[in-house]
J.: 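Below are the structure tokens for one structure; questions will follow.
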Amino acid sequence: MIAHSSQGQRLTPLLSLRYAFRSDEFWRDLDHWKDIDAELFLNHLWQEKNAITSVGALGALIKNRISAAFLKDLEEGHRMAPMSIRLTPYILSLIDWDNPYLDPLRRQFLPLASEICVDHPMVKLDPMGEQNDSPAPGLTHRYPDRVLFLATNVCPVYCRYCTRSYAVGLDTDAVTKTKINAPGERWEPALRYIEANASVEDVVISGGDAYRLKARQITEIGERLLDAPHVRRMRFATKGLAVLPMKIQSDHDWTDAISRLSDRARKMHKSIAIHTHFNHPNEITAITAKALGMLYERGVEVRNQAVILKGVNDNPQTMHRLNECLAYLNVRPYYCFQGDMIRGVEALRTSLGDSIALEKSTRGLIAGHNTPHFIVDLPGGGGKRDIHSFDYYDPYLGIAAYRAPAVKKDQVFLYCDPLHTLTADAQALWTNPATRTQLLDDVLKSVK
Ligand code: SF4
């Protein structure tokens, strides 16, 4: 039905204006790419070849747009960061370089020393303890019916807050990466383990990022798993759609490989989905809309897993806008994760209380099936819990306790708010080792 106003004017064009995604040649704003035409910019190989992987290269590229103080701040921030730098020209030119301190995309990918907050004493580099449940290289088997297969350790972009900061990307000055993925010839033990375990119905193929797998590798893994009678569902995890959307149009082999798998899975009454990772509406342009439209036409299901990040999407307007844009593009806003307790990125974490308030103010603005579940992925391997389902939460001390009876029956899992969200008195209790031990004992006793 076409909507009309009281004066009888058609409202449809006005409605679609809400989703008039950015379609200008925004990259030409940067001197470095002012002569790059759309044909070249929309080629994924050009994007990969021109990805920025060092502060020096970034500084040279945007020197006319940033101050010397900003560059110094970035150099110092990078020296302390757990993640290396990698930015596609696409995402780099969507950053507002006239206001880089506040830009929500810059905050996701580029660390500044001036933003660093003291780590909570309970943060870790591998907060999920993924390496504790690994029956084969690159495989985590923690829950009876599903496994996580880490097929690569590289991504088209590196996110500062990556839950796998201990393993993904290149070594940084602050972190030497653990090699956990199973590249190429080392996939065999992981694939054999899955084939031999009839309880495994669900496989997440991640890393790293499935965008960095070649088309033949997507086919090899996907076909092999589809042929296992007990494997019913597969999810390919990638942030690529948010940072390199043109790949869907220009890398025919990759898109065809995913489409073929999706078609074959459907014929077998199985399912294949892409789980992607948009955090802010500024990541979505007309290029994204085209890519997602193409996947939708081919029947490839796409779901989104966002992370709640301070100064990026921790306000109701931004979160709502993100979800409605994704829903418009037929991407299901599936999860919104509470930031993991990872070393070196406390500035991006919100308190549980603030995330719960964000959930409450977002729920009801969009249909239930397009409202994401707000989730805490419990440190220590308790799995994903509804953010509201804590057994104990003290906002003053910034500590919550959750149980996961179906996963680890007798264990209690703790999540701590970042110190910068607490009062000076509460912070002092955490930073003193004796009061910290007492505080943790008291919380555990009160929930046991
Ligand atoms: S794309 Fe995913 S795996 Fe890669 S750095 Fe970002 S969060 Fe980590």
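These numbers come from a predicted model, not from an experiment. Any value given below was found using the heavy atoms of this structure, including those in side chains, with hydrogens, waters and symmetry copies removed. Read the numbers this way: they start at 1 and go in the same order the structure lists the ligands and their atoms.
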J.: Is there a donor-acceptor pair under 3.5 Å between the side chain of Lys239 and the backbone N or O of Asp209?
T.: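 A pair under 3.5 Å: no.
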J.: Around atom 6 (Fe) of ligand 1, what protein N, O or S atoms are found below 2.8 Å?
T.: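 As for protein N, O or S atoms lying under 2.8 Å from atom 6 (Fe) of ligand 1, they are Cys159 SG.
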J.: For Leu125, which residues count as a side chain to side chain contact (heavy atoms under 4.5 Å, CB included) partner, sequence neighbours excluded?
T.: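 Pro82, Ser165, Tyr166, Val175, Arg343.
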J.: Can you find a side-chain donor-acceptor pair between Asn279 and Tyr161 that sits under 3.5 Å?
T.: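 Judged by distance alone, the side chains do pair up.
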J.: Closer than 4.0 Å to some heavy atom of Gly208 - which atoms of ligand 1 meet that?
T.: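 Those atoms are 3 (S).
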J.: Going by atom types only, do Tyr393 and Asp417 share a side-chain donor-acceptor pair under 3.5 Å?
T.: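 Asp417 and Tyr393 do have a side-chain donor-acceptor pair below 3.5 Å.
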J.: Taking Thr172 for its side chain and Ala81 for its backbone only, find out whether a donor-acceptor pair lies under 3.5 Å.
T.: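 Judged by distance alone, yes, a pair lies under 3.5 Å.
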J.: Between Glu188 and Arg224, does at least one N-O distance fall below 4.0 Å, as a salt bridge requires?
T.: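 Salt bridge: yes.
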